[in-house]
*Asks:* 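Let me begin by handing over the structure; questions about it come next.
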Amino acid sequence: MVKDVRVLRYGHRVKRDARVTTHCCLVARALGAKEIVLAGEKDEKLKEEVQAIVRKWGGQFKINLSSAWKKSLKAFQKKGFKVVHLTMYGEPVQKRVKKLRSEDKILLLVGSQKVPGEIYKLSDYNVAVTNQPHSEIAALAVLLHELFRGKELEKKFSNAKMKIEPMKKGKSVHKKQ
Ligand code: SAM
């Protein structure tokens, strides 16, 4: 059963990708991944913003920057992570998800700019969330939901300063000082 899921965001560009990369971080955190590594241009500001969200909303989610995607990918593989590259050219997720759930540790790799062909070869799996072009945020969300079979929706976030009390109508947020 899959116990540890991390994300590698390939090719982050500070100006062009800030918003989408932030959303990749937030989706990864909210839906049960333990860490995201941003490979590409160094973006300390984005890192700090995500860390501020973690401090506010809780949990242990980590964010790290890498200037060398291949080195990072191989380091994960050395630690026993299977690399699952999300790409519209890959095998349909519905055909592969059973096998993926049987892995212990998974590194989900998403692109931003076009990924080099080498990534298809280095990855243990190339998996598609439909064979249509869409978004790394959506691909991540669907993959995490499939991997965890919806259990991630019940995830608790420790040491949260902010906690929402779900309501039928209106908003209720508990703030811890
Ligand atoms: N323009 C880039 C290219 O030609 O490769 C890709 C842009 S796409 C918005 C960015 C990332 O979203 C891809 O690298 C992939 O990780 C993810 N993605 C997009 N569509 C996908 C799909 N159908 N299944 C899985 N991942 C997908």
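In each ligand, atom 1 is the first atom listed, and ligand 1 is the first ligand listed. Count residues from 1 along the sequence.
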*Asks:* Looking only at distances, please establish whether an N/O atom of ligand 1 is found under 3.5 Å from an N/O atom of V110.
*Replies:* no

*Asks:* Among all protein heavy atoms in this structure, tell me which lies nearest to atom 20 (N) of ligand 1, with the distance rounded to 0.1 Å.
*Replies:* H134 N, 3.2 Å

*Asks:* With respect to N131, determine whether any N or O atom, backbone or side chain, lies less than 3.5 Å from an N or O atom of ligand 1.
*Replies:* no

*Asks:* Can you list the ligand 1 atoms lying under 4.0 Å from a non-hydrogen atom of S135?
*Replies:* 12 (O), 19 (C)

*Asks:* Out of curiosity, L73 CG to S123 OG, how far, rounded to the nearest 0.5 Å?
*Replies:* 6.0 Å

*Asks:* Look up atom OG in S102 and atom NZ in K82, then write down how far apart they are to the nearest 0.5 Å.
*Replies:* 9.5 Å

*Asks:* Is the ring centre of H85 less than 6.0 Å from the ring centre of Y125?
*Replies:* no

*Asks:* Do R101 and F148 form a cation-pi contact, if we require the NZ or CZ to be under 6.0 Å from the six-membered ring centre and within 45 degrees of the ring's axis?
*Replies:* no

*Asks:* Taking CG in N64 as the centre, count heavy atoms belonging to other residues, nucleotides or ligands within less than 6.0 Å. Is the count above 12?
*Replies:* yes

*Asks:* At a 4.0 Å threshold, what atoms of ligand 1 neighbour a non-hydrogen atom of A139?
*Replies:* 25 (C), 26 (N), 27 (C)

*Asks:* Taking the ring of W69 and the ring of Y10, is the distance between their centroids below 6.0 Å?
*Replies:* yes

*Asks:* F76 ring centre to K74 NZ or CZ under 6.0 Å, with the angle to the axis within 45°?
*Replies:* no

*Asks:* With a heavy-atom distance limit of 4.0 Å, tell me whether H85 approaches ligand 1 through its side chain, its backbone, both, or neither.
*Replies:* neither

*Asks:* In Å, rounded to the nearest 0.5 Å, how long is the span from CG of L26 to CD1 of I53?
*Replies:* 4.5 Å

*Asks:* Which is closest to atom 7 (C) of ligand 1 in terms of heavy atoms, P92, G90, S112, C24?
*Replies:* S112

*Asks:* State plainly whether the residues E41 and K15 are in salt-bridge range, i.e. N to O under 4.0 Å.
*Replies:* no

*Asks:* When you measure from atom 16 (O) of ligand 1 to every protein heavy atom, which one gives the shortest distance, and what is it?
*Replies:* L86 O, 2.6 Å

*Asks:* What I want to know is whether A128 and ligand 1 share at least one N or O pair that is separated by under 3.5 angstrom.
*Replies:* no

*Asks:* Please state which protein non-hydrogen atom is closest to atom 10 (C) of ligand 1 and give its distance, to 0.1 Å?
*Replies:* E136 OE1, 3.3 Å

*Asks:* Say you draw a straight line from CZ of R16 to CD of Q113; how long is it, rounded to the nearest 0.5 Å?
*Replies:* 8.0 Å

*Asks:* Tell me which part of T87 gets within contact of ligand 1: side chain, backbone, both or neither, using heavy atoms under 4.0 Å.
*Replies:* backbone

*Asks:* For atom 24 (N) of ligand 1, what's the nearest protein heavy-atom neighbour? Residue, atom name and distance, please.
*Replies:* V129 N, 3.0 Å

*Asks:* To check your reading of the model: name the closest protein heavy atom to atom 4 (O) of ligand 1, its residue, and the distance in Å.
*Replies:* K114 CG, 4.0 Å

*Asks:* Give the residue and atom name of whichever protein heavy atom lies nearest to atom 13 (C) of ligand 1, and the separation in Å to one decimal.
*Replies:* G111 N, 3.9 Å

*Asks:* Short check: is a protein heavy atom less than 4.0 Å from atom 1 (N) of ligand 1?
*Replies:* no

*Asks:* Report yes if Q132 has an N/O atom closer than 3.5 Å to an N/O atom of ligand 1; otherwise report no.
*Replies:* yes

